[in-house]
> 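The structure follows.
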Amino acid sequence: MCVHWYLWLRRSLYRDKNSVAGKMSYKEFVWFLLSEEDKTTPRSIEYWFRCLDLDGDGALSLYEMDYFYQEVQQRLRELNIDCLSVENTMCQILDMINPKEKDKVTLRDLKGCKLAPIVINTFMNLEKYLEYEQRDPVLAAAAKDEGADASLSDWERYAAQQYDRLLSEEEYAQENFEDENNSSDVEVNDKEILSLLR
């Protein structure tokens with residue numbers, strides 16, 4: 001799903017007393033999931049900025065962005081997908097963010113960018129990056145014009161999709177359970193069950 005998982009575990013969230021070394025606690029997992037599924041909120045942008053800021057200096061340098069994009073390029077090559085050069089990608093990213101300083105991006109710059117989720121996914125989530133890169137702009141504009149759940153946040157859309165998925169799985173399991181019970185022609189009485197248990 002995501003690039004540099006180990007880095008996220010070590011750098012992204014404060015450990016709580018329920019954490020086990022090398023593993024996320026439930027609280028950390030919830031923050032990760034919220035940040036992963038809705039990168040439009042200031043809190044999630046802060047979360048991902050901390051992950052990307054390798055040296056902790058409060059700014060994303062071209063080196064740090066290059067570091068993460070190298071991993072993306074490698075994974076794209078493994079999938080036999082053509083990708084932009086590092087230089088072209090950095091140029092696009094800097095154009096999207098329009099940072100105050102030319103060669104680095106601050107948290108303020110990223111929070112002020114309406115395209116922050118795209119920037120973050122470029123470095124941290126290959127699946128969502130590809131989804132964005134391979135989208136049909138005409139269809140995307142039409143869906144936006146139709147107001148396809150425009151009132152919902154990314155998190156609310158994700159939660160609704162997961163709820164629908166769980167509901168359909170439960171309905172499927174219930175149907176299979178009923179089919180199995182209805183198709184059973186064998187009658188078993190209490191004495192037979194007791195004899196089997198002995």
Side-chain angles (χ1 to χ4, degrees), residues 1-13 22-24 28-29 31-41 44-45 47-55 59-99 102-105 109-110 113-146 148-149 152-162 164-166 168-169 172:
M1 172 172 97
C2 303
V3 179
H4 302 290
W5 181 262
Y6 180 72
L7 180 66
W8 292 347
L9 293 175
R10 292 193 59 210
R11 297 181 49 81
S12 61
L13 294 167
K23 298 194 181 214
M24 279 185 174
E28 291 169 333
F29 175 73
W31 277 114
F32 166 75
L33 190 59
L34 286 168
S35 297
E36 172 57 28
E37 293 305 327
D38 189 356
K39 293 180 178 90
T40 61
T41 66
S44 68
I45 293 171
Y47 175 96
W48 293 112
F49 186 86
R50 284 194 312 267
C51 293
L52 291 165
D53 186 15
L54 295 173
D55 57 12
L60 304 180
S61 66
L62 294 176
Y63 168 78
E64 288 165 320
M65 291 184 276
D66 175 64
Y67 174 81
F68 285 96
Y69 192 68
Q70 291 291 334
E71 176 73 20
V72 170
Q73 278 187 318
Q74 179 183 339
R75 292 184 61 203
L76 289 170
R77 284 187 201 109
E78 289 170 4
L79 296 169
N80 292 320
I81 297 174
D82 290 331
C83 57
L84 292 175
S85 69
V86 171
E87 295 79 19
N88 285 340
T89 301
M90 293 308 121
C91 191
Q92 283 185 358
I93 294 295
L94 293 174
D95 284 348
M96 280 190 250
I97 298 172
N98 193 20
K102 181 179 147 188
D103 293 338
K104 64 181 182 180
V105 176
D109 294 330
L110 194 56
C113 174
K114 291 183 180 183
L115 302 174
I118 297 164
V119 172
I120 294 166
N121 286 332
T122 299
F123 301 116
M124 301 303 265
N125 189 317
L126 182 63
E127 186 177 316
K128 289 183 180 181
Y129 169 71
L130 286 174
E131 184 180 301
Y132 175 77
E133 285 294 315
Q134 297 173 349
R135 79 195 185 294
D136 182 339
V138 175
L139 292 176
K144 189 175 182 179
D145 289 343
E146 291 175 12
D149 291 336
L152 297 177
S153 70
D154 289 346
W155 171 253
E156 291 168 325
R157 255 192 262 22
Y158 170 79
Q161 289 169 346
Q162 293 306 309
D164 289 343
R165 182 184 61 81
L166 289 171
S168 65
E169 286 175 5
Y172 177 78

> Looking at Ala59 and Lys104, what are the two nearest heavy atoms and their distance?
CB-CD, 3.7 Å

> Does Gln73 use its side chain to pair, donor to acceptor, with the backbone of Cys83 at less than 3.5 Å?
no

> Shortest non-hydrogen contact from Val72 to Thr122?
CG2-O, 3.3 Å

> Testing the 3.5 Å rule here: is there a donor-acceptor pair between the side chains of Gln92 and Asn88?
no

> Could you measure the distance from the CG atom of Asp53 to the CG atom of Leu110? Nearest 0.5 Å is fine.
11.0 Å

> What's the shortest heavy-atom distance between Leu54 and Glu64, and which atoms?
N-OE2, 2.9 Å

> Hey, what do you get for CG (Leu60) to CG (Leu94), rounding to the nearest 0.5 Å?
10.0 Å

> Salt bridge (Lys or Arg N to Asp or Glu O under 4.0 Å), that's the test. Do Glu36 and Lys128 meet it? Break it down for me.
CA-CA 10 Å; Glu36 172 57 28; Lys128 289 183 180 181; 3.5 Å; yes

> Shortest non-hydrogen contact from Met96 to Cys113?
O-SG, 3.4 Å

> Quick one, Leu76 with Leu130, criterion side-chain contact (heavy atoms from CB on, under 4.5 Å). Give me CA distance, side-chain angles, the key distance, then yes/no.
CA-CA 9 Å; Leu76 289 170; Leu130 286 174; 3.5 Å; yes

> Partners of Glu78 by side chain to side chain donor-acceptor pair (under 3.5 Å), sequence neighbours excluded?
Gln74

> To the nearest 0.5 Å, how far apart are CG in Asn125 and CD in Glu131?
9.0 Å

> Could you check Phe29 against Leu33 for side-chain contact (heavy atoms from CB on, under 4.5 Å), going step by step and ending with a plain yes or no?
CA-CA 6 Å; Phe29 175 73; Leu33 190 59; 4.2 Å; yes

> How long is the straight-line distance from CG of Asp103 back to OH of Tyr63, given to the nearest 0.5 Å?
16.0 Å

> State whether the side chain of Trp48 and the backbone N or O of Lys39 hold a donor-acceptor pair below 3.5 Å, judged by distance alone.
no

> List the atom of Asp66, the atom of Met90, and the distance in Å for their closest heavy-atom pair.
N-CE, 4.1 Å

> Could you walk me through whether Tyr67 and Leu62 pass side-chain contact (heavy atoms from CB on, under 4.5 Å), step by step?
CA-CA 8 Å; Tyr67 174 81; Leu62 294 176; over 6 Å; no

> With side-chain contact (heavy atoms from CB on, under 4.5 Å) as the test, would you mind laying out the steps for Leu126 and Leu79 before giving the verdict?
CA-CA 11 Å; Leu126 182 63; Leu79 296 169; 4.0 Å; yes

> Identify the two heavy atoms, one from Asp38 and one from Ser44, that lie closest to each other, and give their separation to 0.1 Å.
O-OG, 2.8 Å

> Return the set of residues passing side chain to side chain donor-acceptor pair (under 3.5 Å) with Tyr132 (not counting sequence neighbours), or none when no residue passes.
Arg135

> Give a yes or no on whether a salt bridge exists between Arg75 and Glu127, defined as a side-chain N under 4.0 angstrom from a carboxylate O.
no

> Considering residues at least two apart in sequence or located in another chain, which fulfil the side chain to side chain donor-acceptor pair (under 3.5 Å) criterion with Tyr69?
Thr89

> Working to the nearest 0.5 Å, report the span between CD1 of Ile81 and CD of Glu133.
11.0 Å

> For the atom pair CD1 (Ile118) and CD1 (Ile93), what is the distance rounded to the nearest 0.5 Å?
9.0 Å

